[in-house]
Q: 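The structure follows.
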Amino acid sequence: MKNESNNGAGIYKKAQRKPKKLGNSPVLWFIPLVLVLLLVFVYPIIEIIRFSFTDAGLIDRDYTYTLKSYFSLFTSPGFFNMLFVTGFFVFFSVTFQMMLGLAVALLVDQGMKRRLHGTVILRTAVLTAWAIPGVIIGIIWTMLYNESNAGVLNYILSFVGLDSGIAFLSDPINSLISVTFANVWRGTAFSMIMIYAGLQTISKDVIEATLVDGANAVQRLFKVIIPILSPVLFINLIVVTVETFNTFDMVMALTGGGPGRSTEVIALSIYNSIFRQFELGQGAATAVVLLLINTLMTVIYFKAIEKNQAVN
Amino acid sequence: METKSKRLTINTLIYCAYFVILLFFLFPLFWVLSVSLKSIPELFASPLVWFSSNPQFSNYTYVIQKTEIINYLVNSIIIVIFTIFFTLLIAVPASYALSRYKFRLKKPFMLAILIFQMVSPVVVAIPLYRLFVQLGLINLHWSLILVYIAIQLPFTTWFLKGFFDTIPHTLDEAAIVDGCTRLQALCKVILPVSTPGLASAAILVGVLSWSQFVIPFILLDDNKLFPISVGLINLQSTAEAITLHYLAAASIIAILPIIIIFILLQRYIVGALTSGSVKE
């Protein structure tokens, strides 16, 4: 946080030059924010990086510094399995959330423009799914996926000829698909609302110009609307990707990472290493991997915003 | 521009799509509601029972009386209210300063705030658990609320900065020329015209804090202190298959406040979400 004092000095000089316009230095305004962020983010991040180079258990005070955690992490087959599970979960969640989100956003936009009844109800229904706590979404979907007679999805599928019943949560591959599907249900609203907001910024002139050109709806979508939306879609992509990498609560409630470790996404893997296997070092090393992913995404996101602002 | 028949066709197609999407999003909620009102034989009946012939509202009274769910709800309400208040108290001056002051390193400072937004709460919760155990701060709502505030601060600061950017600078500068300090200008001139932005921020912080799970899951182990999210996981892990209907009733009780708030405030929520994402 050396930057802080530098900021102050810079402002102080400027303030002397133009006292009326700038008033005091901004440092005071940031003190509470910086203190809270230092304690709750900076300190833990430094600690987790430090622990990743130790062999510490959850609460021991004695430990030695070592690279063992990283070594055992990168050589364990569980790590690559976890990466696969996380990659599958993130890739398919993000893809389908964005596609469905785009579709619903276009529909709501059209519905609003055509003043159709029920548009607000539709929007509210989709958004409600997003506002429900992840844990409860997990519990709700355990009831839908239930493999006994109480399970409704298997009952519905029996009408289309799937009498044997699908092992939604007890089969390793199915459970990964089931978790991803439930996550699409949960996350579509966020993409929908961001894309919907983007659609509101497209001026009517642009749309009307294409109508005059005689472009049909599909051409309009792919040649005009999606290109104009591309900055919004890109930012949406990054935010949703980070959010999905960080997902913990819903998977915890739905499968707990099982069966076996077939749905153990990275955030859950960190938790399990530390609180179930009491291996702080290894959990911390996994956490550092997640932090690197988060940081990389943030930098890309920031660049995209800057580029956006430059264009506007 | 469209002929009448073409418009009718398109509207019909849109309504068909509405129906499919509504079914997809509302069916899970309908199912939980249906399960929550079933009796035990209906729960496992074959063929499946869509609507209980004799709705068991007693499932709800059972859950309210025999579990800590009301206590969980009260805990969540307390935590969320304090989180909203302190998040705004800290984020307002910071975001106002970010909007009005020019200084070197502003960009890296904003990037740093954004990075924290992206950091997974599970990563910070672990060292905080160790720290709080050492300091005796574990199992306290206050220390928990501090972490909640920190998690909400990055987004709220960015969001409010974007909002303050839309308020003309001439407004507060006029007040300063008239002899107000910056702080007075903020409190007397800017805040009164910022109600929509502050309300949107408060709603978003409220919804996100209500859903927060990892932090209380790791930092609390006293059942009496659990917010609703951890309380539900706790119920789930103690529930046997036979108590599915109770778990469903508990889930409905847990999401009812959010759904009511959503229906009442959905205009503002959409406003908040759309204005936020446009400016980002």
Side-chain angles (χ1 to χ4, degrees), chain A residues 3 6-7 10-11 23 26 29-30 32-33 36-37 40-41 44 47-48 59 104 107 110-111 114 116 118 122 124-126 128-129 131-136 139-140 143-144 149-150 152 155 193-194 197 201 211 235 242 246 248-249 253 267 270-271 274 287 290-291 294-295 297-298 302 305, chain B residues 1 11 14 17-18 21-22 25-26 28 31-32 35 43-44 46 48 90 93-94 97 101 103-105 111 114-116 118-120 122-124 126-128 133 147 149-150 153 157 182 207 210-211 213-214 229 232-233 236 244 247-248 251 254-255 258-259 262-263 266 273-274 277-278 280:
Chain A
N3 296 354
N6 287 347
N7 279 353
I11 282 305
W29 300 76
F30 297 131
L33 173 76
V36 174
L37 294 181
V40 180
F41 283 104
E47 281 290 279
I48 206 93
I59 41 171
V104 179
L107 269 174
Q110 279 301 310
R114 290 162 190 270
L116 298 187
L122 179 79
T124 313
V126 178
T128 306
I132 296 174
V135 170
I136 298 173
I139 293 174
I140 292 175
M143 292 179 192
L144 296 160
N149 270 347
V152 68
Y155 180 75
I193 203 73
M194 276 185 90
T201 64
L211 285 176
I235 287 175
V242 172
N246 292 345
F248 176 91
D249 47 5
I270 297 169
Y271 177 84
I274 295 174
L290 182 56
L291 271 178
N294 290 337
T295 312
M297 292 290 177
T298 316
F302 200 69
I305 297 172
Chain B
M1 222 167 278
N11 286 359
I14 292 178
Y18 275 16
I21 295 167
L22 270 180
F25 281 99
L26 292 183
W31 184 246
V32 183
V35 170
L43 217 47
F44 297 98
S46 178
L48 190 114
I90 297 171
Y101 286 102
F103 52 92
R104 271 187 309 138
L105 301 172
L111 176 64
L114 192 66
I115 289 181
F116 297 142
M118 306 284 197
V119 169
S120 167
V122 75
V123 173
V124 295
I126 291 152
L128 286 174
V133 167
V147 184
I149 295 167
L153 273 175
T157 306
R182 268 274 169 211
V207 170
W210 187 267
S211 300
F213 170 70
V214 184
S229 56
L232 261 274
I233 273 278
Q236 186 197 31
L244 208 59
L247 191 59
S251 301
I255 59 180
I258 284 289
I259 291 183
F262 241 77
I263 290 168
Q266 66 100 11
L273 292 169
T274 53
S277 55
V278 169
E280 264 169 28

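Lettering follows sequence order; numbering is per chain, from 1.
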Q: How long is the straight-line distance from CD1 of Ile274(A) back to CD1 of Ile126(B), given to the nearest 0.5 Å?
A: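 Spacing of CD1 (Ile126(B)) from CD1 (Ile274(A)) equals 3.0 Å.
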Q: Between atom CZ of Phe103(B) and atom CZ of Phe30(A), what is the distance when rounded to the nearest 0.5 Å?
A: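 If we round to the nearest 0.5 Å, Phe103(B):CZ and Phe30(A):CZ are 4.0 Å apart.
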Q: Heavy-atom distances under 4.5 Å only: say whether Phe248(A) touches chain B with side chain, backbone, both or neither.
A: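 The side chain, not the backbone.
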Q: Quick one: what part of Ile48(A) sits under 4.5 Å from any heavy atom of chain B, side chain, backbone, both or neither?
A: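 Contact with chain B involves both backbone and side-chain atoms of Ile48(A).
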Q: Does any backbone or side-chain atom of Ala129(A) lie under 4.5 Å from a heavy atom of chain B? Answer side chain, backbone, both or neither.
A: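 Only the side chain of Ala129(A) comes within 4.5 Å of chain B.
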Q: Please classify the contact between Leu290(A) and chain B as side chain, backbone, both or neither, with a heavy-atom cut-off of under 4.5 Å.
A: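 Only the side chain of Leu290(A) comes within 4.5 Å of chain B.
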Q: Determine yes or no for a side-chain-to-main-chain donor-acceptor pair under 3.5 angstrom, with Gln110(A) supplying the side chain and Ile14(B) the backbone.
A: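 Here the side-chain-to-backbone pair does not exist.
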Q: Trp31(B) versus chain A, heavy atoms under 4.5 Å apart: side chain, backbone, both or neither?
A: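 Contact with chain A: side chain only.
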Q: Name the region of Phe25(B), side chain, backbone, both or neither, that has any atom closer than 4.5 Å to a heavy atom of chain A.
A: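 It is both, since atoms from each part get that close.
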Q: Need one label for Ile136(A): side chain, backbone, both or neither, based on atoms under 4.5 Å from any heavy atom in chain B.
A: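 Only the side chain of Ile136(A) comes within 4.5 Å of chain B.
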Q: Under 4.5 Å heavy-atom distance to chain A, tell me which part of Ile258(B) shows up: side chain, backbone, both or neither.
A: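 It is the side chain, since no backbone atom gets that close.
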Q: Check each atom of Val242(A) against the heavy atoms of chain B and say whether the ones under 4.5 Å are side chain, backbone, both or neither.
A: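 The side chain, not the backbone.
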Q: Among the options Leu291(A), Ile139(A), Thr295(A), Ile132(A), pick out the one with the most heavy-atom pairs lying under 4.5 Å from chain B.
A: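 Option with the greatest count: Ile139(A).
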Q: Under 4.5 Å from any heavy atom of chain B, what part of Val40(A) do you find: side chain, backbone, both or neither?
A: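 Both parts, backbone and side chain.
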